[in-house]
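Remarks on the structure that follows.
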Amino acid sequence: MRASLVLATVAATAVLAIVLGGEALAGRDPIRTVAAPWAAPGPGLPLGADALGRDILARVLAGGRDLALVSLAAAGSACALGVAGGLWAGWSRSRAARAAVALSDLLLVLPLLLVAMLAVVVLPGPPAVIAGTVLGGAPLTLRVVADATAQARHAGYVEAALSRGERGLSVLFREVLPAHAGLIGADLGQRMVLAVQLTAALNVLGFGPPPPAPDWAAMLRENLPGAGLNPAALLAPAAALALLAGAVAGLSHVLAGRS
């Protein structure tokens, strides 16, 4: 079991490292035309060329960094706000805490993509992804953490700490928060997967990096007309998106299992 966890951690870390540093491995300018449009794979072009004759492999290697960084910022923001709100709402018995839980339940019924589309009207792409992920992900995190915190409030180790005279805030951060480490790790992974999906959806719709910057989601839109000429132009970025989401989900599972 431990060996499988180590293997999963190494594999996920390797995927994330390649995604973030892939541009250095490309070996070719990802925006330079090197062949005919939608040229088939061949010598020097393992995945062929795209709609403008650019190297697909170079663009795939260079096209995940910004998407991953935006997704990580969005997931971190959503998870941090949700955990902070959940700790407060689960520990406090005030009306404000109950109102916060009710508001989170209300936000959970809103379609995430619709929220992101509304955000993109007033914000550029990356901030819109962060806002959409926070509005769509933080309420669920808050709800889960609040329920776990409310249960922990009556646990023996918490009551023992309070009986020793420790203040509630100290108990909350020194006793309750560490007990939620696995839950938070798993939730962070889920928020990251959500952010990747949202970023990809907005980029496919044209709200991502402007051309000719390489981007996996934009590559799907750009190369759809030539899918019959060079299927790798679509399959490669789609596989890269799936691999990133799978690596993040696997890493979150490892973090949850180690709690």
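Checking side-chain atoms of Arg28 against main-chain N and O of Gly44 turns up a donor-acceptor pair under 3.5 Å. In this structure, the side chain of Asp187 does not engage the main chain of Leu183 through any donor-acceptor pair within 3.5 Å. Between the Trp38 side chain and the Ala227 main chain, no donor and acceptor come within less than 3.5 Å of each other. A donor-acceptor pair is defined here as one N or O able to donate and one able to accept, closer than 3.5 Å; no such pair exists between the side chain of Asp55 and the backbone of Asp29. Put simply, the side chain of Arg54 never gets that close to the backbone of Ile31: no donor and acceptor are under 3.5 Å apart. Although no hydrogens or angles enter the test, the distance criterion places a donor-acceptor pair under 3.5 Å between the side chain of Asn230 and the main chain of Leu47.
Linking Ile, Leu, Val, Met, Phe, Trp and Tyr residues whenever their side-chain heavy atoms come within less than 4.5 Å leaves Leu110 and Ile130 in two separate clusters. A chain of hydrophobic side-chain contacts below 4.5 Å, direct or via other Ile, Leu, Val, Met, Phe, Trp or Tyr residues, connects Met117 to Val70. Residues Val101 and Leu135 do not share a hydrophobic cluster, defined by chaining ILVMFWY side chains whose heavy atoms lie under 4.5 Å apart. Placement of Trp216 and Met192 within a single hydrophobic cluster is found when ILVMFWY residues are connected by side-chain heavy-atom separations under 4.5 Å, directly or transitively. Two different hydrophobic clusters hold Met219 and Leu235 under the rule that ILVMFWY side chains link at heavy-atom gaps under 4.5 Å.
Looking at Leu172 and Arg167, their side chains never come closer than 4.5 Å, going by heavy atoms from C-beta outward. Side-chain contact between Leu112 and Gln197: absent, with no pair of heavy atoms (C-beta onward) separated by less than 4.5 Å. Under the 4.5 Å side-chain criterion, counting only non-hydrogen atoms from C-beta, Leu57 is not in contact with Leu45.
Interatomic distance, His180 NE2 to Thr149 OG1, rounded to the nearest 0.5 Å: 3.0 Å. Interatomic distance, CG of Leu229 versus CG of Asp50, reported as 12.5 Å (0.5 Å rounding). Note that CG of Leu198 and CG of Leu202 are 4.5 Å apart. Values are rounded to the nearest 0.5 Å. Separation of atoms CZ (Arg191) and OG (Ser71) is listed at 13.0 Å; rounding is to 0.5 Å. Distance CG/Leu61 to CD1/Ile56: 11.5 Å, rounded to 0.5 Å. One distance of note links CG of Leu108 with CG of Leu103; it measures 9.5 Å at 0.5 Å rounding.
When all heavy atoms are compared, the tightest approach of Gly132 to Val115 is CA-CG1, 4.4 Å. Closest heavy-atom contact between Ala62 and Pro30: CB-CG, 4.0 Å. Contact detail for Leu162 and Val171: the closest heavy-atom pair is CD2-CG2, 3.9 Å. Scanning all heavy atoms of the two residues, the minimum distance from Val19 to Ala68 falls at CG1-CB, 3.7 Å. Taking every heavy atom of both residues into account, Trp88 and Ala100 meet most closely at CZ3-CB, 3.6 Å. Closest non-hydrogen pair, Pro139 versus Ser104, comes out as CB-O, 3.4 Å.
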- Task: Go through the steps for Gln190 and Thr141 under the test side chain to side chain contact (heavy atoms under 4.5 Å, CB included), then give the verdict.
- Result: CA-CA 10 Å; Gln190 294 303 310; Thr141 303; over 6 Å; no
- Task: Take Asp66 and Thr199 through the test side chain to side chain contact (heavy atoms under 4.5 Å, CB included) and record every step on the way to the result.
- Result: CA-CA 10 Å; Asp66 291 347; Thr199 305; over 6 Å; no
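Heavy-atom neighbours of Arg164 CZ from other residues, nucleotides or ligands within 6.0 Å: above the threshold of 12.
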